[in-house]
Amino acid sequence: LTLAPQIAAAQDFPAQPITIVVPFAAGGPTDTVTRLVAQAMSQDLGQQVVVENVGGAGGTLGAARVAQAEANGYTLLLHHIGMATTATLYRELPYNAIEDFEHVGLVTEVPMVMVGRPDLEANSMEEVVAYVRENGEDVMYANAGIGAASHLCGLLFMDAVDTQMTTIPYQGTGPALTDLMGGQVDLMCDQTTNTTNQIRDGSIKGFAVTVPERLDALPDIATAAESGLDGFEVTIWHGVYAPKGTPEDVVARLSQSLQVALQDETVIERFADLGTAPSSQEDATPEALKAKLEAEINLWRPIIEAAGVYAN
Ligand code: MLT
């Protein structure tokens with residue numbers, strides 16, 4: 001009898017608009033992915049799916065907001081690899097990525113690309129490496145705070161070239177990209193979902209992608225390995241989360257809707273144009289996201305500990 005209200009809630013779900021929190025600024029890569037998916041989920045669910053940007057502290061403020069939200073399926077989080085890296089980068093975090101969330105499913109896996117201001121005196125990744133080695137901490141590297149994908153990629157790059165740059169943190173790579181285009185910062189390693197169009201139209205320079213094969217969306221951009229940076233590889237997986245305690249059948253309905261959204265023609269086409277693709281139907285499930293998150297926390301922990309970089 002006590003379960004009756006919960007079952008009724010799940011059958012009626014969703015009875016009101018759903019909010020997906022993006023833990024970075026509007027106009028950036030997480031925002032772009034989320035708005036495309038939210039639009040397709042909204043069609044499937046018959047309710048508005050609204051995107052709310054809660055940027056700051058490398059994505060941890062937005063994640064904390066959702067961890068503390070009511071567990072009814074109406075407040076969700078779409079976050080990326082930072083859910084795994086922040087588990088080590090932040091010694092104090094107001095939530096646990098495994099324990100304090102229900103895991104809805106994986107969304108996509110996005111390559112990164114090293115990009116530079118349009119007048120940077122480098123035209124290839126080899127020249128970027130030489131420029132960074134020569135100018136060291138005079139090079140302004142933009143990122144979206146400790147725990148961002150752009151932060152992680154910057155760490156891997158600085159390790160690969162054995163040189164430190166000066167980091168300029170933003171609430172997301174959306175605003176960082178504006179400054180890169182304007183020449184206020186020099187370099188950024190960002191997701192192709194935020195940089196492909198700007199590389200194509202020449203408003204920024206693109207140097208190397210962080211995946212083993214060149215991308216159809218950016219065929220002229222070399223891979224890092226082709227540019228002499230073997231092992232400088234990373235892709236940015238994204239997942240949808242709900243607060244812990246969200247009823248199981250509500251999570252199942254959300255996961256099913258995510259699967260429908262990831263088969264939507266517009267989503268597939270827009271993702272392809274931006275150098276990525278939707279996750280498979282099997283990956284857009286609670287089990288797959290939880291397994292990925294656990295594996296990635298374990299993968300990045302020793303790397304971050306060895307680097308000794310902590311936010312707090
Ligand atoms: C964003 O949406 O701004 C990001 O995903 C930034 C990042 O993680 O680098």
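As the structure lists them, so they are numbered: ligands from 1, and atoms in each ligand from 1.
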Ligand-residue contact atoms, ligand 1 with A144, heavy atoms, under 4.0 Å: 6 (C), 7 (C), 9 (O)
N or O pair under 3.5 Å between D31 and ligand 1: no
Heteroatom distance test (T30, ligand 1): nitrogen or oxygen, under 3.5 angstrom: yes
Residue list, side chain to side chain donor-acceptor pair (under 3.5 Å) with N72, at least two apart or on another chain: none
Exercise: do N194 and D190 side chains pair donor with acceptor under 3.5 Å: yes
T276-T108 side chain donor-acceptor pair, cut-off 3.5 Å: yes
Atom indices of ligand 1 within 4.0 angstrom of H80 heavy atoms, with elements: 5 (O), 7 (C), 8 (O)
Per-atom contacts, ligand 1 versus G172 - under 4.0 Å to a heavy atom: 3 (O)
S227 vs F207 side-chain heavy atoms within contact, under 4.5 Å: no
Sub-4.0 Å heavy-atom contact, G82 with ligand 1: no
Donor-acceptor pair between E233 and T210 side chains, under 3.5 angstrom: no
Atom 9 (O) of ligand 1: nearest protein contact (heavy atom, Å): S150 OG, 2.6 Å
A149, any N or O under 3.5 Å of ligand 1 N or O: yes
Test of proximity, H151 against ligand 1: N or O pairs below 3.5 Å: no
Which side-chain N or O atoms in residues 145-163 pair as donor and acceptor under 3.5 Å with protein atoms at least two apart or in another chain?
from	atom 1	to	atom 2	distance (Å)
S150	OG	A144	N	3.0
H151	ND1	G147	N	3.4
T163	OG1	V161	O	2.9

Shortest protein contact, atom 3 (O) of ligand 1 (heavy atom only): T173 N, 2.8 Å
Atoms of ligand 1, numbered as shown, that sit under 4.0 Å from any heavy atom of A148: 7 (C), 8 (O), 9 (O)
Close approach, Q191 and ligand 1, non-hydrogen under 4.0 angstrom: yes
Output field: ring centroids F24/Y170 closer than 6.0 Å: no
Ring centres under 6.0 angstrom apart (Y241, H103): yes
N or O pair under 3.5 Å between D190 and ligand 1: no
Q281 side chain to Q263 side chain, donor-acceptor N/O pair below 3.5 angstrom: yes
